[in-house]
Amino acid sequence: MKTTKTKVHFIEKYLMQPANPLTVNLIGAGGTGSHVLTVLAKIHTSLIALQHPGLFVRIFDEDIVTSANRGRQLFADAETGLPKAVALINRVNRFFGTDWKAVTMEFSKANSTRLQGSKAHITVSCVDKVQARFEIAAILQQWHKNNAYHRDNTCYWMDYGNGRHTGQVVLATIGKIEQPASKKFITVDSLPLPTEEFKELFEAAKEDNTPSCSLAEALTKQDLFINASLADLGGSLLWAVAK
């Protein structure tokens with residue numbers, strides 16, 4: 001009887017036994033990103049308890065906190081007017097004792113030169129704009145091509161996306177990840193980029209990028225708990241990658 005082998009992707013070997021904290025770039029500090037940062041802090045604390053070096057996180061966002069961000073996003077009244085990235089990182093650093101960094105600029109081609117010193121093992125994107133995803137893909141691929149043997153060479157990209165009531169989390173590799181020989185499994189050395197796997201959907205998407213003027217208006221576009229639910233689901237996948 002012929003048996004079908006299961007396809008399996010083995011995590012990049014350095015990530016399994018790192019000598020230093022794993023670096024993570026979190027792009028977007030809004031509805032999903034604000035929740036994902038807290039998830040990353042929980043993962044970091046848990047890894048430390050397991051004698052792992054933990055995580056070092058940078059969060060990228062050029063926006064400031066407005067009254068419409070309260071409620072669905074993790075911001076307080078007192079943080080209105082502050083850069084989102086700074087407000088979130090200050091809070092997490094105080095609470096969890098981390099030394100993570102806020103970067104108050106857009107992760108984009110326009111800033112690619114200034115981003116050169118910000119490479120990370122894992123990139124997590126929580127962005128609304130389709131064009132932003134294509135730019136992130138281009139930057140990560142260029143980094144991987146130019147710095148294949150850099151200690152913080154980009155290995156994985158996790159992209160969050162959602163509508164009003166539904167969403168998805170996609171994990172991709174940047175380039176090919178060397179796989180061990182296996183008689184039991186069919187090893188998969190690359191996972192497709194979101195911009196390749198869903199290219200037609202992205203290009204056909206009609207976007208409304210007009211900022212919401214109030215929390216009530218924001219809730220007509222996205223359900224109150226969709227972002228937090230997705231953050232936890234993606235966090236579970238990241239936990240499996242990192243631990």
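The figures that follow rest on heavy atoms only: side chains count, while hydrogens, waters and symmetry mates do not. Note that the numbering runs from 1 along the sequence shown for the chain.
- From Ile139, atom CD1 reaches atom CG of Asn111 across 8.0 Å, with rounding to the nearest 0.5 Å.
- The backbone N or O of His121 sits less than 3.5 Å from a side-chain atom of Thr23, completing a donor-acceptor pair.
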Name the atoms and distances for all side-chain donor-acceptor pairs under 3.5 Å in residues 182-190, with sequence neighbours left out.
| unit_1 | atom_1 | unit_2 | atom_2 | d |
| --- | --- | --- | --- | --- |
| Ser182 | OG | Lys184 | N | 3.3 |
| Ser182 | OG | Phe185 | N | 3.0 |

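- Side chains of Leu22 and His52 form a contact here, defined as non-hydrogen atoms less than 4.5 Å apart.
- Using modelled atom types, one side-chain atom of Arg58 and one backbone atom of Ser118 make a donor-acceptor pair closer than 3.5 Å.
- With values rounded to the nearest 0.5 angstrom, Ser67 atom OG is found 9.0 Å from Asp77 atom CG.
- With hydrogens and angles disregarded, no donor-acceptor distance shorter than 3.5 Å links the side chain of Glu106 to the backbone of Glu62.
- Here Gln116 contributes atom CD and Gln142 contributes atom CD; the two are 8.5 Å apart, rounded to the nearest 0.5 Å.
- Judged by distance alone, with hydrogens and angles left aside, the side-chain atoms of Thr154 form a donor-acceptor pair with the main-chain N or O of Ala120 at under 3.5 Å.
- Side-chain heavy atoms closer than 4.5 Å link hydrophobic residues (I, L, V, M, F, W, Y) into clusters, and following such links, even through other members, never connects Ile64 to Val103.
- For the ring-ring contact (aromatic ring centres under 6.0 Å, His included) test, no residue two or more places apart in sequence or in another chain qualifies with Phe134.
- One hydrophobic cluster, built from ILVMFWY side chains closer than 4.5 Å, holds both Leu238 and Ile11.
- Considering every non-hydrogen atom in both Cys155 and Glu12, the closest pair reads SG-CG, 3.9 Å.
- The two atoms that bring Met158 and Leu237 nearest to each other are CE-CD2, 3.5 Å, heavy atoms only.
- Contacts of Asn93 classified as side-chain hydrogen bond (donor to acceptor under 3.5 Å, both in side chains), with partners at least two apart in sequence or in another chain: Thr98.
- Glu197 and Pro192 get closest at one heavy-atom pair: OE1-CG, 3.3 Å.
- The side-chain hydrogen bond (donor to acceptor under 3.5 Å, both in side chains) test applied to Asp61 returns no partner, not counting sequence neighbours.
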Open item on the list: Run His9 and Tyr156 through ring-ring contact (aromatic ring centres under 6.0 Å, His included) and show every step you take.
Closed with: CA-CA 12 Å; His9 173 76; Tyr156 294 97; 5.7 Å; yes
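- A chain of hydrophobic side-chain contacts below 4.5 Å, direct or via other Ile, Leu, Val, Met, Phe, Trp or Tyr residues, connects Val241 to Phe56.
- The distance from the CD atom of Glu135 to the CD1 atom of Ile27 is 10.5 Å, given to the nearest 0.5 Å.
- Counting heavy-atom neighbours within 6.0 Å of Met16 CE, excluding the residue itself, gives a total of 12 or less.
- Within 6.0 Å of NZ on Lys5 lie more than 12 heavy atoms contributed by other residues, nucleotides or ligands.
- The environment of Glu196 atom CD is dense: over 12 non-hydrogen atoms of other residues, nucleotides or ligands sit within 6.0 angstrom.
- Put simply, the side chain of Tyr14 does not reach to within 4.5 Å of the side chain of Asn153, judged on heavy atoms.
- Although no hydrogens or angles enter the test, the distance criterion places no donor-acceptor pair under 3.5 Å between the side chain of Ser236 and the main chain of Leu233.
- When side chains are defined from C-beta on, Ile89 does not count as touching Lys101, because their heavy atoms never get closer than 4.5 Å.
- Counting heavy atoms from C-beta on, the side chains of Ile59 and Lys84 never come closer than 4.5 Å.
- Linking ILVMFWY side-chain heavy atoms closer than 4.5 Å, directly or via other members, places Leu88 and Leu82 in two distinct hydrophobic clusters.
- Minimum interatomic distance between Leu15 and Pro18 (heavy atoms only, all atoms of both residues): O-CD, 3.5 Å.
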Please list every donor-acceptor pair under 3.5 Å in which a side-chain atom of residues 38-47 meets a protein atom from a residue at least two apart or in another chain.
| unit_1 | atom_1 | unit_2 | atom_2 | d |
| --- | --- | --- | --- | --- |
| His44 | ND1 | Leu55 | N | 2.9 |
| His44 | ND1 | Leu55 | O | 3.4 |
| Thr45 | OG1 | Ala41 | O | 3.0 |
| Ser46 | OG | Lys42 | O | 2.9 |

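- Considering only heavy atoms from C-beta on, Leu37 stays 4.5 Å or farther from Arg91 through its side chain.
- There is a path of hydrophobic side-chain contacts, each under 4.5 Å, that joins Trp239 to Val124.
- Counting all heavy atoms, side chain and backbone alike, His35 lies closest to Ala231 at CB-CB, 3.6 Å.
- Between the OG1 atom in Thr195 and the CD atom in Gln141 there is a gap of 6.5 Å [rounded to 0.5 Å].
- Annotation: side chain of Asp159 is in contact with side chain of Ser125 (closest heavy-atom distance under 4.5 Å).
- The closest donor-acceptor contact from the side chain of His144 to the backbone of Ile174 lies under 3.5 Å.
- When all heavy atoms of Leu26 and Cys126 are compared, the closest pair comes out as CD1-SG, 3.8 Å.
- Donor-acceptor pairing under 3.5 Å is lacking for the side chains of Thr123 and Asn25.
- To the nearest 0.5 Å, the span separating CZ on Phe75 from OG1 on Thr80 amounts to 10.0 Å.
- By the ring-ring contact (aromatic ring centres under 6.0 Å, His included) test, Phe107 pairs with Phe60, Trp143, sequence neighbours left out.
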